[in-house]
Amino acid sequence: MMACGILELFIWVSSISSLFCLSSGFSPADNYLINCGSSTNTTVDGRVFAADSLYSNLLSTPQNILANTSSNSIPSSDNSALYPTARVFSGVSKYTFPISQSGRHWIRLYFYQSVYGSYNLSSASFSVSAQTYTLLSNFTPTGASFIEFSVNVTSSSLVITFIPSDNSSAFVNALEVVSVPNSLITDDANWVNPLTGFKGLLTQALETVARVNMGGPAVSPFNDTLSRSWVPDQGFLVQKNLATSTSKIAAVMYPAGGATVDTAPSTVYGTCTELNSQSDPTSNFNVTWEFTVDQGFQYFLRFHFCDIVSKGANQLYFNVYVNSWNVAQDLDLSTLTLGILATACYMDFVTPINNDGKLSISIGPSTITNVLPNAILNGLEIMKMNNSVGSLDGVASLGPSSPNTKKRMGMVVGLSIGLCVVVVFLAILFFMCRRRKVGSSGHSKTWVPFSTNGGISLTMGSKYSNGTTLSSSSDLGYRFPFAAVQEATDNFEESWVIGIGGFGKVYKGVLNDGTKVAVKRGNPRSQQGLAEFRTEIEMLSQFRHRHLVSLIGYCDEKNEMILIYEYMENGTLKSHLYGSGQPSLSWKQRLEICIGSARGLHYLHTGYSKAVIHRDVKSANILLDENLMAKVADFGLSKTGPEFDQTHVSTAVKGSFGYLDPEYFRRQQLTDKSDVYSFGVVLFEVLCARPVIDPSLPREMVNLAEWAMKWQTKGQLEQIIDANLEGKIKPESLRKFGETAEKCLAEFGVDRPTMGDVLWNLEYALQLQEAVLQNDPDENSTNVIGELSPLVNDFNDGDDSTVSGAQFEVSSVDDLSGVSMSRVFSQLVKSEGR
């Protein structure tokens, strides 16, 4: 009996010991520290900032200007050794840093406002960009300034650009580009309001607003494995008398697979601010911290918790508030830490757009009976997220509406009401026709959604789970054994990789019957996961259309998430436009690709019982087969559209930067017109053959949609087209194409055409390219036949003179792309056929 008890105790101690580990910290793959303008190395907080000359080969600048100031004028601070010298920029200048490992990187900038020799930089104004993001805009440093950013670098280099404002200079005293652990900030968080999952942090650039050590002292970069600074919370407390501090640094433990010393040091987790309730069971108040933030931005919040106050397990329950929203009601930290005290954990949240410049954080007692009122917070991080145009600096339009705006909004509301009446009427007719058709044909086959069977994450910040990834009660004909997938890809041979995305690697494969396939294998460290996997299968198993990439099967054995698609020989549309050295596409080929893509999207919006909104329309998600036929791909972010009595779906903003509908971003209300906007960006991308965001270009050219729209409104779109197309596009075709793209990019969704209208107008642009019509009174109309239904179910080949309205009827699920739209269209645009 005693031996048995000792054995059980040994096993228990071993199990607990395996849960906790200490780390010596992260070793960055990229670690650039530059003391700009200095001829010598400088050590700050145990880190060596190299002399400017060691990295001058990474800099492209009009003039090589190194400046210095008297060190006597610089106030003493942790970074004061970096401020006596500066690199000055008289024109646009770029640092290009080779990146050895993709992922998040710190970008830390040091500025000191002073007179440096003959250069008076006390009023210097300039902008700074990195990758596709604007970090600073018309920025003038005040005193000594240190600013920290976090950017997810996906390429082999990181370009940081300094752009002086008119009649001014730019400068920087010191600069850091340092790798961040991939696990530090994942793609997932929680919305503050409503309390639902948020996904998309990987596409966000972040700026550190505050990093606070609650109840403890300042923590210097020397004592943080990621060289971060933490400040005490006293300056942010609204009522200091309501709070008290506790410190038990030596007690802190880090769980395996959860928070680490890189998440926050023990000096943060080992101190906390708690309610000064003095064990009074009648205490009923909150402790609140208030922060000043920029208006017009969302904020990423990380709450750090470690229960160093409880005398026993499961005794601490409390509420956490962001502004007036209760984001964690009756929070029990033991559920995040397996019931073990003093264990580090954290929770991540994303706020709505801030409109008042204040952000308050509160903790307060739970309402659970027989629990002493208390609450704790150990640390807090606040990071600004880039806005819809990729900027971390700038003021959004938050003021009262002007008379013109109110008038325009009145028109929009009126149009919306009218459209709603029409849509409801058409929806009723549609469902009556569909019910009649389904009743006559019997039950249709549907895909039964699978269920999840995962374990529990140790922290809310962790995305990993245990157990089987999925279990499916659906048609098992779609499921492939893992062994079959291994055989098809030669055991995932690296030389067979044809692409790498956010989900994981894509391999070329060959099935037993000789069918070529594309195999997308989920990476367990990827920031995309189960939700996208499920959505992709559920969506693609419902649809069969020649302009949508077909799902052949999936595999969910051994915790794998693998999707198997038809193989697209010519890769992405993006790769044929720029950056990969592929042969240039002709204008006709580009139009046909746009038409095929529009057909696929139009089918998604109208061809099934419920509209489906793609949410990630971009040139990289339009694939081309061996005949350059276009197919829309990647449905991981797709969402079912609104019910027939609704105008939109309220949902977290997801998509790709540069293509994202600004109205969707502002209002978080998704409609099929969000896809139309993204497709409009693709149209200009096809015409101009350049990236949608290119920070290496002059400021007015960085955003393709904005730049192209300026030339379109001037009627001079031919000035910016791809050089390979110059002299090869007929003016009428270009005008129609430009008008179509312009309407897609209308500010309000209600003013944008449907994908059906877009499809008709692209067909018209193709007809105008192949044979310009003479004496056509409708030639200048963008919506030539937008009022006709583009869903053609039957076509009378024997009658070339007219097309009767009776020949057009709505079909719910049929693949209509086999009908020759060009033949139908050619009859509709002939004057004798109308």
Side-chain angles (χ1 to χ4, degrees), residues 28 30-100 105-130 135-136 139-149 157-164 168-179 208 220-222 224 226-229:
D30 300 305
N31 192 28
Y32 299 98
L33 309 178
I34 309 176
N35 187 7
C36 299
S38 175
S39 59
T40 61
N41 295 350
T42 304
T43 301
V44 176
D45 287 315
R47 296 183 302 151
V48 177
F49 284 73
D52 189 288
S53 59
L54 292 179
Y55 290 109
S56 60
N57 62 314
L58 305 182
L59 177 64
S60 170
T61 185
Q63 289 180 278
N64 189 42
I65 305 174
L66 307 180
N68 60 76
T69 187
S70 170
S71 59
N72 296 329
S73 65
I74 300 173
S76 177
S77 70
D78 293 339
N79 301 321
S80 58
L82 298 173
Y83 293 135
T85 61
R87 167 72 73 167
V88 182
F89 307 112
S90 59
V92 177
S93 304
K94 300 177 182 179
Y95 279 100
T96 302
F97 294 95
I99 299 300
S100 60
H105 284 65
W106 297 126
I107 298 175
R108 291 166 171 153
L109 304 175
Y110 299 78
F111 305 103
Y112 179 65
Q113 176 193 46
S114 182
V115 176
Y116 289 79
S118 60
Y119 298 96
N120 185 354
L121 303 178
S122 57
S123 59
S125 175
F126 53 93
S127 300
V128 183
S129 66
L135 305 183
L136 299 169
F139 170 72
T140 299
T142 303
S145 303
F146 166 73
I147 311 176
E148 179 184 81
F149 304 94
S157 63
L158 171 64
V159 179
I160 299 178
T161 306
F162 291 82
I163 308 170
S168 186
S169 299
F171 74 97
V172 62
N173 296 89
L175 173 63
E176 294 184 48
V177 173
V178 182
S179 298
T208 303
S220 72
F222 183 79
D224 183 290
L226 301 184
S227 303
R228 295 164 296 192
S229 296

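Here the structure is a predicted model, which means the values were calculated and not measured.
Atom-to-atom distance recorded for Ser125:OG and Ile163:CD1 is 11.5 Å, nearest 0.5 angstrom. Note: Ser227 OG to Phe222 CZ = 10.0 Å, rounded to the nearest 0.5 Å. For the atom pair CG (Leu121) and OG (Ser123), the distance works out to 8.5 Å, reported to the nearest 0.5 Å. Asn41 CG to Phe49 CZ: the interatomic distance, rounded to the nearest 0.5 Å, is 11.0 Å. Taking OG1 of Thr142 as the reference point, atom OH of Tyr112 lies at 12.0 Å (rounded to 0.5 Å). To the nearest 0.5 angstrom, Thr85 atom OG1 is 4.0 Å from Asn35 atom CG.
Residues Leu33 and Val178 have side chains in contact (heavy-atom distance under 4.5 Å, counting atoms from C-beta outward). Looking at Asp52 and Leu59, their side chains never come closer than 4.5 Å, going by heavy atoms from C-beta outward. Contact check for Phe111 versus Val172: side-chain heavy atoms found under the 4.5 Å cut-off. When side chains are defined from C-beta on, Phe97 counts as touching Ile34, because their heavy atoms get closer than 4.5 Å. Here the side chains of Pro84 and Asn68 are not in contact, with every heavy-atom distance at 4.5 Å or above. Residues Pro28 and Leu226 fail the side-chain proximity criterion, which asks for heavy atoms closer than 4.5 Å. Counting only heavy atoms from C-beta outward, the side chains of Phe171 and Cys36 never approach each other to under 4.5 Å. Annotation: side chain of Tyr110 is not in contact with side chain of Val44 (no heavy-atom distance under 4.5 Å).
Nearest heavy-atom pair, Ser56 versus Ser53, reported as atom, atom and distance to 0.1 Å: OG-O, 3.0 Å. Nearest heavy atoms, Ala67 versus Val88: CB-CG2, 3.9 Å. In this structure, Tyr55 and Ala50 approach most closely via the heavy-atom pair CE1-CB, 3.7 Å. The two atoms that bring Asp30 and Ser100 nearest to each other are OD1-OG, 2.7 Å, heavy atoms only. What you find for Ser179 and Trp106 is that their closest heavy atoms are O-CD1, 4.5 Å.
Between Phe162 and Tyr95, the two ring planes are perpendicular [angle over 60°; tilted spans 30° to 60°].
Within a 6.0 Å sphere centred on OH of Tyr119, heavy atoms belonging to other residues, nucleotides or ligands number 12 at most.
Checking side-chain atoms of Thr96 against main-chain N and O of Val159 turns up no donor-acceptor pair under 3.5 Å. Formation of a donor-acceptor pair under 3.5 Å by the Ser118 side chain with backbone atoms of Tyr116 is not found in this model. Between the side chain of Ser38 and the backbone N or O of Thr40 there is at least one donor-acceptor pair closer than 3.5 Å.
Paired with Arg87 under the rule side-chain hydrogen bond (donor to acceptor under 3.5 Å, both in side chains), one option of Asn64, Thr61, Asn173 passes, and it is Asn64.
For Phe89 and Phe126, the distance between ring centers is not under 6.0 angstrom.
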Hey, mind stepping through Tyr32 and Leu175 against side chain to side chain contact (heavy atoms under 4.5 Å, CB included) and telling me if it holds? CA-CA 8 Å; Tyr32 299 98; Leu175 173 63; over 6 Å; no

Please assess Leu135 against Ile147 for the test side chain to side chain contact (heavy atoms under 4.5 Å, CB included), listing each intermediate value before the final yes or no. CA-CA 10 Å; Leu135 305 183; Ile147 311 176; over 6 Å; no

